[in-house]
Structures are given as C-alpha cells and as structure tokens.
Amino acid sequence: MTFTLPKAILLIRNPLAGRRRRGLVEAVMRHVRDAGWTIDLVDTTAAGDARRIAETCDAARYAVIAVAGGDGTINEVVNGLARRGGETPALAIVPLGTANVLAQELGLVFKAAALANTMMTGRALLVRPGEACSPNFEGLRDPRCFSLMAGAGFDAKVVAGVSAPLKRRLGKAAYVWRSLVEARRYRPVRYAVEIDGARYEAASVIVSRSRLYAGPYVVAPLAALGEPLLHVCLFERWGRSQTLRFGLALLLGRLPRTSGFRVIAGHDVKVSVLSDAGERRLQPVQIDGDDALTLPISINVAAGTVRLLLPAR
C-alpha cells in the first residue's frame, strides 16, 4: 500500500521579521494556492511559539512546515522538529531575516515563485542539527539545537549586545556598530576548546554545521549540512588588531586561508573559559545568531533529524 502526502503546508511567520519584505509571504502563498495546495498561516506572538507549533502540529495534515522569518525563528522550528521523533513534516524557508544564512546555505532563490516551488517540489536533505548544552546550578539545561553554528568569543559578544529593537531598526548596521563597540572594549579572553579529547586554546571559536557565516561569507569550506560532523573554527591570535584582521579577511573571502585561523572537524566539542582577562562577566554563547547560552558548553550532533527542502534540480 502506498501513502500520498497531503498537499498542505503550515506556514509559521514571525511578523516582526522582514518588514521591508512584507509582500514576499503573501506572494508565496498565492503561488502555492494557485498550484492547488492548501497553505495555512499562523503568526508567532512570543519567543518559543515557533518551536511549540513545530513540535505539536499535525504531521498527518501537513506535508511541509514553512518558516517565514530569520535564522532565529528557523532555529526554533528546527528545535521543535528535532524533538518530535518519528515521521515529521519537511522544513521549507521563506527568508525574511537580517543574514538568512541557512537559506543561502541551501541555495534558495529569494523570489516568491522559486520559494513556493521549493515548498511543493523541493528535494529533502536529511540533517542532524548540532546540539549545545550548558550547565547551571541545577545540573544541565535542556539542549539547544542549531542548524548553523554556536559561537563563543567576539562574535557572541556582538550578538549579545544587539537588542531585537535595534536589529529591526538598523538591520545589518546594528552588528557593524556593535562590532566597533566590542573592538574598542576588547580584552584578551582565552577559551579552552576540547575536540574529541584533544585540547586547544583560542581567542574566539565558532562550532559550525554549515560553510557560511553572517550571510554569504565562508568560514568552514568543507562543512556540509548532510554530514553529521562539527567543524570547529579556531581564531588563535589575540588582540584588537587581530580581531579586525580576521573580520576583514571574512568580508574579503580570505578567512580560511588566513594565518592564525584553522578549522578542525570533530564530533564532541567542549568550550570553557581559560582566562577571562579581568572581564568578570558571564561569557555569552550565540546560537544561529541569537544570544542563547553562557559558557561552559558541550556540543555534539543531535540524535534527532530534520528534513530541509532544497530547490528541485
């Protein structure tokens, strides 16, 4: 006996994301309905809504869950789907965020017709997200999944310093401004990084599941979402000038070839503070571009899987 998937999509929209592209969601929905599919729209109203909806939606009714939002909203849905177990809807993306890293990693075309076609006819890529957990006074918090990266150091401090209202008002410029602030207040904090039992030191670290970072910029050339492997990017030189040098190399597409930077693949990663250089504050951890945890953290590849939709060939 064969089963036919329902021609129905649940579209989860973050109404605060992508105000400059409000018409994109409506155009995508028109293309889907014109093709004879059903698409139901639900807006999030608070943090955690997207995760809850993805975790509890009726998989027998919907063949696809689509997300209209940025990488943070997508992260919530990835967390919800990864924890369902069993058969889950595939995940499609309508990119509305500041960087849209996952959408670029998947090779999506940012046009309504193309996005609608990917929802209905896209190829499914089975992905095991990364998973990070941080201890607290009561033991271990629930793990947090990520489809892109978890970072500690300079980038995490920049993310932690950008509020949601500022990001909505300034877009990418908010990160540029905060980068200048963090560069000015720079202290040579040292992080201990353990990768499959081997120990390293770094000024910053990004544990990545994807090739790209902050948009179209390459940090881990050999990373592939379909492979259950972490790529640990180590920034091994300290100092304000080194931080600026790494940032410029990223923007110019030269970071993987820059001295003092290297990428090590592994399965089990631990990151902790070796020296706080007198900062005397909790060291933040960004996950998929959101301020999420604090050090120390343990990172591995999650047991659960998510089916991400790529454009049809």
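Owing to the predicted nature of the structure, the values given are computational and were not obtained by experimental measurement.
Looking at Arg199, its side chain never comes within 3.5 Å of a backbone N or O of Glu194 through a donor-acceptor pair. Judged by distance alone, with hydrogens and angles left aside, the side-chain atoms of Ser208 form no donor-acceptor pair with the main-chain N or O of Met149 at under 3.5 Å.
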Working for side-chain hydrogen bond (donor to acceptor under 3.5 Å, both in side chains), residues Arg51 and Asn75:
CA-CA 8 Å; Arg51 174 175 174 171; Asn75 175 271; over 6 Å; no

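Looking only at side-chain heavy atoms (C-beta outward), Val42 and Arg13 stay at 4.5 Å or farther from each other. Inter-residue side-chain proximity for Ser272 and Tyr191 is flagged as unmet; no heavy-atom pair is nearer than 4.5 Å.
Rounding to the nearest 0.5 Å gives a distance of 6.0 Å between CZ of Arg83 and CD of Glu131. Between the CG atom in Leu108 and the CD1 atom in Ile93 there is a gap of 6.0 Å [rounded to 0.5 Å]. Distance OH/Tyr200 to CG/Leu274: 15.5 Å, rounded to 0.5 Å. Note that the CD1 atom of Ile12 and the CG atom of Asp49 stand 9.5 Å from one another [nearest 0.5 Å]. Interatomic distance, CG of Leu282 versus CG of Leu295, reported as 9.0 Å (0.5 Å rounding). Arg123 contributes atom CZ, which lies 14.5 Å from atom CZ of Arg307 (distance to the nearest 0.5 angstrom).
The only option from Val218, Asp155, Thr258, Val219 that meets the side-chain contact (heavy atoms from CB on, under 4.5 Å) definition with Leu250 turns out to be Val219. In summary, of the residues considered (Lys157, Arg187, Arg190), a salt bridge (charged side-chain N to carboxylate O under 4.0 Å, His left out) with Glu279 occurs for Lys157 alone.
Applying the salt bridge (charged side-chain N to carboxylate O under 4.0 Å, His left out) test to every pair with at least one member in residues 59-77, sequence neighbours left out, gives these pairs: Asp40-Arg61.
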